[in-house]
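Computed from a predicted structure; not experimentally measured.
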Amino acid sequence: MRIDIFTLFPEMFAGVLSSSILGKAREKELVDFHVTNFRDFSESKHGTVDDTPYGGGGGMVLKPEPLFRAVEALAGEKKPRVILMCPQGVPYNQKLAEELAQEEHLVFICGHYEGYDERIREHLVTDEISIGDYVLTGGELAAMVVIDSVVRLQPGALGNQTSAVEDSFSTGLLEYPHYTRPAEFRGWRVPDILLSGHHANIERWRLKESLRRTKARRPDLLAKLELTDEMKKLLAELEQEQNM
Ligand SMILES: O=C(NCc1ccc(CNCc2ncc[nH]2)cc1)c1csc2nc[nH]c(=O)c12
């Protein structure tokens, strides 16, 4: 997969794209990152990429030319997905991550101004994505979030110890509590069930704790779930425990 990123702050990406899972995915050639400063595509000698809005009002608007020129310079046989990171975009989620992970070539546009000239949206961009209802200083961190979640889904990116599929957001439940050595720390013991080696009981305990946590923190996720008989039984047990 090739990922192009157009930004005015390319230096923001250096650490993130060369560390940890993303760095390894690059070494394994699962992904090929290209970060470009679209100011390089400005036609003015001052490298102007924004201007005041027609119709007045505050703030600056990103001009169309530099971005059109930058994206069109990506001579490629197939038209890539051109993703505009913006607060007005489609709310990002794991389903969209899985869809983007299938693409051969993704292009991200990160802005910093009050907005983009609408002709960018209408004629250059295929997708607009927001990562949530809070205001960031720019689209760069948002692009990193999307890239991180897409690259980890590339086959071979996570190695064999963890599988992307099992991820809680894919099962629809929040994760159960995790423990590791020591079995007792400052008097706080690991639940005996986890030391029992009884795998069926451990799986049951983990599912029950996932249900307990999801019910308490994200009832909205629980409401969306197709409950199995076992889940219904465990939820009934949780109800009883709460009413005791
Ligand atoms: O570029 C992003 N943010 C920078 C930013 C913040 C505020 C405004 C101005 N918008 C208000 C407005 N429009 C018109 C007048 N005033 C524009 C851009 C961003 C990309 S994805 C994402 N996902 C979640 N949150 C985000 O901020 C983002």
Side-chain angles (χ1 to χ4, degrees), residues 3-13 15-17 19-22 33 35 38 49-50 52-64 67 71 80-103 106-153 164-176 210-226:
I3 295 183
D4 281 281
I5 301 155
F6 290 106
T7 170
L8 294 175
F9 303 93
E11 67 281 1
M12 286 179 75
F13 289 85
V16 168
L17 300 184
S19 311
S20 181
I21 303 278
L22 298 188
F33 296 118
V35 185
F38 60 83
V49 291
D50 64 323
T52 52
Y54 277 118
M60 299 294 273
V61 176
L62 278 178
K63 293 169 63 64
L67 279 165
V71 172
R81 291 278 286 257
V82 180
I83 302 166
L84 187 72
M85 300 309 298
C86 65
Q88 302 82 1
V90 166
Y92 190 58
N93 58 27
Q94 191 64 20
K95 192 165 164 295
L96 185 44
E98 283 158 9
E99 181 191 320
L100 294 179
Q102 307 305 319
E103 295 287 340
L106 296 178
V107 177
F108 290 88
I109 296 175
C110 310
H112 258 259
Y113 295 88
E114 278 310 290
Y116 298 90
D117 181 284
E118 193 61 13
R119 290 162 289 190
I120 294 167
R121 275 198 172 83
E122 279 172 8
H123 305 295
L124 185 65
V125 158
T126 58
D127 303 74
E128 296 179 45
I129 294 179
S130 161
I131 61 165
D133 295 337
Y134 40 83
V135 185
L136 302 171
T137 56
E140 281 76 11
L141 289 175
M144 288 179 218
V145 163
V146 174
I147 289 164
D148 184 279
S149 59
V150 164
V151 172
R152 74 180 285 279
L153 291 174
V165 175
E166 201 175 273
D167 198 318
S168 63
F169 278 94
S170 313
T171 63
L173 286 172
L174 298 185
E175 268 183 44
Y176 48 79
S210 284
L211 286 164
R212 182 200 311 274
R213 188 161 281 188
T214 308
K215 185 169 181 282
R217 299 182 190 185
R218 293 295 305 274
D220 58 304
L221 291 179
L222 200 56
K224 275 193 267 181
L225 260 186
E226 275 289 296

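Side chain of Tyr134 to main chain of Ile131: a donor-acceptor pair is present (N/O by atom type, distance under 3.5 Å, no hydrogens or angles). With hydrogens and angles ignored, the 3.5 Å screen pairs a side-chain donor or acceptor of Ser130 with a backbone N or O of Gly132. Proximity of a side-chain donor or acceptor of Thr214 to a complementary backbone N or O of Leu222 within less than 3.5 Å is not detected. Looking at Gln102, its side chain does come within 3.5 Å of a backbone N or O of Glu98 through a donor-acceptor pair.
Between the CD1 atom in Ile109 and the CD1 atom in Ile120 there is a gap of 7.0 Å [rounded to 0.5 Å]. Going from atom OG of Ser149 over to atom OH of Tyr92 covers 2.5 Å, rounded to the nearest 0.5 Å. Taken to the nearest 0.5 Å, the OG atom of Ser20 stands 11.0 Å off from the CZ atom of Arg152. Here Ile129 contributes atom CD1 and Asn93 contributes atom CG; the two are 9.0 Å apart, rounded to the nearest 0.5 Å.
Looking at Glu118 and Arg121, a side-chain N of the basic residue comes within less than 4.0 Å of a carboxylate O on the acidic one, giving a salt bridge.
The local environment of CG in Asp220 is crowded, with over 12 non-hydrogen atoms from other residues, nucleotides or ligands closer than 6.0 Å.
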After noting the C-alpha distance and the side-chain angles of Leu106 and Phe108, does the key distance pass the side chain to side chain contact (heavy atoms under 4.5 Å, CB included) rule? CA-CA 7 Å; Leu106 296 178; Phe108 290 88; 3.9 Å; yes

Take Asp117 and Lys63 through the test side chain to side chain contact (heavy atoms under 4.5 Å, CB included) and record every step on the way to the result. CA-CA 6 Å; Asp117 181 284; Lys63 293 169 63 64; over 6 Å; no

In sequence, state the C-alpha distance, the side-chain angles, and the governing distance for Leu124 and Leu84, and then conclude on side chain to side chain contact (heavy atoms under 4.5 Å, CB included). CA-CA 9 Å; Leu124 185 65; Leu84 187 72; over 6 Å; no

Could you give me the CA-CA distance, side-chain angles and deciding distance for Tyr116 and Cys86, then say whether side chain to side chain contact (heavy atoms under 4.5 Å, CB included) is met? CA-CA 9 Å; Tyr116 298 90; Cys86 65; 4.0 Å; yes

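The shortest distance between side-chain heavy atoms of Pro10 and Phe38 does not fall below 4.5 Å. Counting only heavy atoms from C-beta outward, the side chains of Val107 and Arg81 never approach each other to under 4.5 Å. A heavy-atom distance below 4.5 Å is not found between the side chains of Ile3 and Leu17. Within the 4.5 Å cutoff, no side-chain heavy atoms of Asp50 are placed close to those of Val61. Side-chain atoms of Val145 and Leu141, non-hydrogen and from C-beta on, never get closer than 4.5 Å to each other. Between Glu99 and Gln94, the closest side-chain pair of non-hydrogen atoms is not below 4.5 Å. No side-chain heavy atom of Val125 sits less than 4.5 Å from a side-chain heavy atom of Ile83. When side chains are defined from C-beta on, Glu128 does not count as touching Val90, because their heavy atoms never get closer than 4.5 Å.
In terms of heavy-atom proximity, Val16 sits nearest to Met12 at CG2-O, 4.4 Å. The two atoms that bring Thr7 and Glu140 nearest to each other are OG1-OE2, 2.6 Å, heavy atoms only. The heavy-atom pair separating Leu174 from Ser210 by the smallest distance is O-OG, 3.0 Å. Residues Ala101 and Leu153 come closest through the heavy atom pair CB-CB, 3.9 Å. Here the closest heavy-atom approach between residue Pro80 and residue Thr126 is recorded as O-CG2, 4.2 Å. The two atoms that bring His112 and Thr137 nearest to each other are ND1-O, 3.2 Å, heavy atoms only.
Taking Arg213 as the reference, nothing meets the salt bridge (Lys or Arg N to Asp or Glu O under 4.0 Å) condition, with sequence neighbours excluded.
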